[in-house]
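Small disclaimer: the values here were computed from a predicted structure and weren't measured. Every chain is numbered from 1 and lettered A, B, ... according to where its sequence line falls, protein lines coming before strand lines.
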Protein chains: 4
Amino acid sequence: MKTSLSTFPQNRRVAAEAVILPIGVTPKGARGKILNAALRLFALRGYGATSVRDICKEAKVQTTTLYSHFPSKELVLAEIIQLGHTEHLRRLREALSQCEHQAPAEQLSALVRAHVISHCEYSMLAVVTNTEMHALSDDTVRPVMAILQESESLLGEVLLRCSQNSIFDVPDIELALRAIGGMGMRVAFWYEPNCGKTPEYVADTFANFAMRLMGITHDPQPG
Amino acid sequence: MKTSLSTFPQNRRVAAEAVILPIGVTPKGARGKILNAALRLFALRGYGATSVRDICKEAKVQTTTLYSHFPSKELVLAEIIQLGHTEHLRRLREALSQCEHQAPAEQLSALVRAHVISHCEYSMLAVVTNTEMHALSDDTVRPVMAILQESESLLGEVLLRCSQNSIFDVPDIELALRAIGGMGMRVAFWYEPNCGKTPEYVADTFANFAMRLMGITHDPQPG
Amino acid sequence: MKTSLSTFPQNRRVAAEAVILPIGVTPKGARGKILNAALRLFALRGYGATSVRDICKEAKVQTTTLYSHFPSKELVLAEIIQLGHTEHLRRLREALSQCEHQAPAEQLSALVRAHVISHCEYSMLAVVTNTEMHALSDDTVRPVMAILQESESLLGEVLLRCSQNSIFDVPDIELALRAIGGMGMRVAFWYEPNCGKTPEYVADTFANFAMRLMGITHDPQPG
Amino acid sequence: MKTSLSTFPQNRRVAAEAVILPIGVTPKGARGKILNAALRLFALRGYGATSVRDICKEAKVQTTTLYSHFPSKELVLAEIIQLGHTEHLRRLREALSQCEHQAPAEQLSALVRAHVISHCEYSMLAVVTNTEMHALSDDTVRPVMAILQESESLLGEVLLRCSQNSIFDVPDIELALRAIGGMGMRVAFWYEPNCGKTPEYVADTFANFAMRLMGITHDPQPG
DNA sequence: AATGAATGAGCCTTCATTCAT
DNA sequence: AATGAATGAAGGCTCATTCAT
């Protein structure tokens with residue numbers, strides 16, 4: 001018996017249909033077409049199951065044209081993942097910057113909201129970013145990994161400050177980080193615009209979940 | 001700057017090293033060797049990036065031997081995923097059966113614990129099961145999907161019963177399901193036996209997180 | 001526009017459906033089942049496009065069983081071709097033996113009739129015999145070729161005797177042999193029992209064609 | 001005992017050595033080299049027994065080069081067969097067009113001559129065209145079959161007109177079509193330029209055979 | 001004879017990439 | 001930049017055949 005709560009309504013990697021790259025970040029011309037096509041196919045089928053020919057057919061360019069814009073298929077993926085982590089980090093920073101003098105609880109809430117919203121809005125990007133990083137070579141992955149770790153540090157530090165505040169009651173801060181990070185990351189796989197919930201609503205709810213998970217008490221003290 | 005809270009310590013899909021298939025489920029002989037080799041490589045590199053020759057080299061059999069046990073590479077994956085979902089469902093059911101007359105809160109706790117422990121103990125299996133299902137054809141995925149949905153229904157129904165109990169305060173039950181399911185699912189990617197935490201400890205903590213997330217109050221009424 | 005005279009009503013090598021090996025020649029048991037299955041598949045698909053597995057599936061025996069009866073796939077074909085040429089030669093000889101004291105014209109008629117009837121009755125055998133002999137190795141083909149050449153000699157000698165008789169008027173005896181042999185050989189490809197003509201009728205008509213082709217005059221002298 | 005009349009002097013599918021594709025029809029460059037190599041090997045060994053590697057070695061190109069000119073091995077065969085039937089039909093039409101106002105007898109003679117000459121000159125093409133069509137899939141064979149049937153219709157209609165003319169005496173027009181078509185078709189298997197007979201001579205003789213077979217009387221009336 | 005597993009060569013085809021134009 | 005042809009490695013898979021049982 002199938003309940004209305006099923007989390008995997010179909011056999012696709014990502015529920016969302018629409019694209020794709022953050023506005024203002026997509027390059028013009030063939031380069032942009034290639035990146036968007038590659039992102040779409042990597043998200044739906046996976047990097048290993050997508051050929052250069054597939055990408056170029058989707059982008060409506062010649063196969064060799066790809067090689068005048070990128071040195072290899074791997075570096076197409078690298079650029080996409082780079083874009084993904086960069087945009088993600090930018091949003092986290094932006095969210096933090098708007099409440100940097102407020103209590104840790106406010107900061108945590110803002111971070112989780114930004115985390116979730118970006119996974120809703122750029123779900124394909126997030127799926128690729130989170131599932132295909134292992135396809136990059138060690139040298140290629142290094143700068144990308146640095147950005148990812150920076151994002152994690154941001155959340156980790158806020159969690160640390162929260163845990164030092166008596167309004168929270170955290171049994172294991174590392175596991176809390178894993179749990180909060182993980183629940184947000186999964187949003188990219190199931191969210192799609194027609195699901196009946198707005199990104200902001202999901203974000204608010206998940207921020208609430210994060211607060212609860214951290215054991216916040218109902219009458220907070222000043223941070 | 002890397003903090004001690006980083007969730008992705010290296011560029012691999014799955015942190016765990018060890019294998020692999022649930023005891024008692026692994027077939028004898030070449031068939032079992034092939035399944036374990038394939039599981040390991042699919043988990044580390046992905047299905048698309050693993051060749052039949054790779055699997056057979058790892059399993060120390062001839063490539064043609066694989067084809068006397070499986071009709072295709074896809075059906076090797078299918079069997080692994082089937083095993084994964086079946087074992088997962090078996091554990092959820094077992095956990096539930098041991099508290100079927102208890103309050104929903106107890107049941108939720110038991111389910112989350114089973115969910116997490118199985119993602120710790122069979123992390124490779126869980127990673128493959130959760131990230132490569134899209135590589136199966138429609139016909140092949142159908143029976144597997146049915147098992148997955150059965151597992152989800154189990155958790156969904158318990159959440160539903162919890163939400164109808166006044167000791168819980170759930171803003172959105174569907175999102176709660178996504179959050180709790182998602183945080184457990186991600187465990188497979190980062191957990192490894194030498195991380196300093198036992199599966200039981202992680203499971204207890206995540207069960208606690210789930211309770212909190214569901215807004216449980218501190219003096220529960222009988223379910 | 002398709003006329004009712006079209007010679008290739010469908011894309012198959014041989015029009016006939018039914019089998020197969022001459023009665024009394026088919027071995028008992030697995031050996032016979034294998035030969036008949038192989039003949040059928042070689043006729044319909046060709047030797048190169050038929051696998052040992054295909055043959056064994058059709059014959060409902062194990063793959064290895066074939067190898068306890070035949071040393072190789074090639075020698076299955078060799079046996080079939082051998083059977084085909086042997087039966088063909090037997091029939092030509094039998095036909096000749098019944099008119100050995102009659103005029104060459106009678107002998108030619110009898111030979112053409114036997115040639116055509118055997119191509120009607122064992123059309124699958126004839127198709128394989130005539131189109132797959134090149135698949136045999138030099139050593140294997142030698143004894144088979146000898147039988148074939150014996151059959152041809154039979155017809156060639158009768159034609160020669162006819163041409164020396166003044167009731168015939170043959171411009172080129174070698175070409176007459178090719179023409180008469182060739183028109184009979186093609187019968188195996190298009191004849192099928194439900195075509196509305198009996199083998200005897202076709203044989204009589206082709207014998208008449210052969211006579212005409214040899215330029216027979218209407219008041220024959222004694223041979 | 002081998003007579004000088006033997007029709008199968010050696011174990012090959014086709015007696016002729018030389019090539020191959022009609023002048024003016026062979027494409028330039030690698031495509032043409034591949035077609036000629038494939039034709040030669042298909043004729044000598046059969047389609048099923050010829051690998052893509054064989055073709056490419058013979059054509060002195062890389063195996064992948066074949067795939068930038070043809071979608072598959074099957075479509076190499078399809079193109080060859082298409083060329084064969086097209087050229088054959090073209091020659092029949094050309095022959096007919098030069099005697100379209102003459103008596104049916106003249107037309108029959110012209111058709112048989114064209115039929116035979118094209119089987120002498122392009123014997124490899126004819127052998128492949130006539131023996132490997134069954135290797136094509138249903139969809140691929142359809143347009144090719146249409147051309148073949150058009151050629152057959154041409155001959156069938158002329159035979160029909162002949163049979164309605166009192167100078168002919170045809171016992172069974174359908175069998176006459178089979179016989180005349182079949183004897184010409186077999187020419188491709190045994191004719192070779194050094195056999196001591198020119199294509200024209202063979203063609204004239206077979207045209208004579210065809211007339212006799214149709215029961216022509218020796219003092220024809222105007223058609 | 002018959003079986004089930006295994007073998008090594010080879011199948012057709014596609015891959016990411018390069019090069020001369 | 002863009003093109004069409006070409007390249008060498010590797011892809012998944014099937015082949016005819018063998019062997020221990």
Item to check | C:Glu74 or B:Pro71, whichever maps to the more 5' nucleotide of DNA chain F | outcome: B:Pro71
Item to check | Atom-pair distance (NZ on B:Lys57; C1' on F:dG11), nearest Å | outcome: 14 Å
Next on the checklist: For E:dT3 and C:Thr65 - does any side-chain N or O of the residue sit under 4.0 Å from the phosphate oxygens OP1/OP2?
Outcome noted: yes
Checklist entry - Checking side chain to side chain contact (heavy atoms under 4.5 Å, CB included) for the pair B:Glu132/B:Ile80: CA distance, chi angles, key distance, verdict? => result CA-CA 10 Å; B:Glu132 303 289 2; B:Ile80 289 173; over 6 Å; no
Checklist entry - Within the pair B:His69 and E:dG4, is there a side-chain N or O less than 4.0 Å away from OP1 or OP2? => result no
Checklist outcome for this item: B:Ile34 atom CD1 is separated from E:dA6 atom C1', nearest whole Å, by 11 Å
Item to check | Test item: B:Arg142 and B:Asp139 side chains (from C-beta on) under 4.5 Å apart, heavy atoms | outcome: yes
Checklist entry - Across the strands shown, which category fits B:Ser51 at heavy-atom distances under 4.0 angstrom: base, sugar-phosphate, nothing? => result sugar-phosphate
Checklist entry - With a 4.0 Å cut-off on heavy atoms, is A:Thr63 in touch with a base, just the backbone sugar-phosphate, or nothing at all? => result base
Checklist outcome for this item: As its Watson-Crick or G-U partner within any shown strand, both distances under 3.5 Å, E:dA1 has none
Checklist entry - Nearest of F:dT17, F:dA6, F:dA2 to any side-chain atom of D:Ser68? => result F:dA6
Checklist entry - For the pair made of CG in C:Leu41 and C1' in F:dA16, what is the distance, rounded to whole Å? => result 16 Å
Next on the checklist: Tell me the interatomic distance from B:Gln62, atom CD, to F:dA16, atom P, rounded to whole angstroms.
Outcome noted: 18 Å
Item to check | Per D:Lys73 side chain, nearest of listed nucleotides E:dT13, F:dT3, E:dT17 | outcome: E:dT13
Next on the checklist: Could you tell me how far apart A:Phe70 (CZ) and E:dT18 (P) are, to the nearest whole angstrom?
Outcome noted: 15 Å
Next on the checklist: Reading DNA chain E from 5' onward, which residue's closest nucleotide shows up sooner: C:Val61 or D:Thr64?
Outcome noted: C:Val61
Checklist entry - 5'-most contact on DNA chain E: A:Leu66 or B:Arg31, nearest heavy atom basis? => result B:Arg31
Checklist entry - Considering Watson-Crick and G-U wobble pairs with both distances under 3.5 Å, what does F:dG11 pair with? => result E:dC12
Item to check | d(NZ, C:Lys33; P, E:dA1) in whole Å | outcome: 14 Å
Item to check | Shortest non-hydrogen separation from B:Val61 to B:Ala30 and the atoms involved | outcome: CG1-CB, 4.3 Å
Checklist outcome for this item: Note: C:Ile81 and C:Val144 closest approach over all heavy atoms is CG2-CG1, 3.3 Å
Checklist entry - OP1 or OP2 of E:dC11 less than 4.0 angstrom from a side-chain nitrogen or oxygen of D:Arg53, does that happen here? => result yes
Checklist entry - Within the structure, does a side-chain N or O atom of B:Tyr67 lie under 4.0 Å from either OP1 or OP2 of F:dC13? => result yes
Checklist entry - Quick one: on DNA chain F, does C:Asp54 or D:Gly29 contact a more 5' nucleotide (nearest heavy atom)? => result D:Gly29
Checklist entry - Going from OG1 on A:Thr129 to CE on A:Met124, what distance comes out if it is rounded to the nearest 0.5 angstrom? => result 12.5 Å
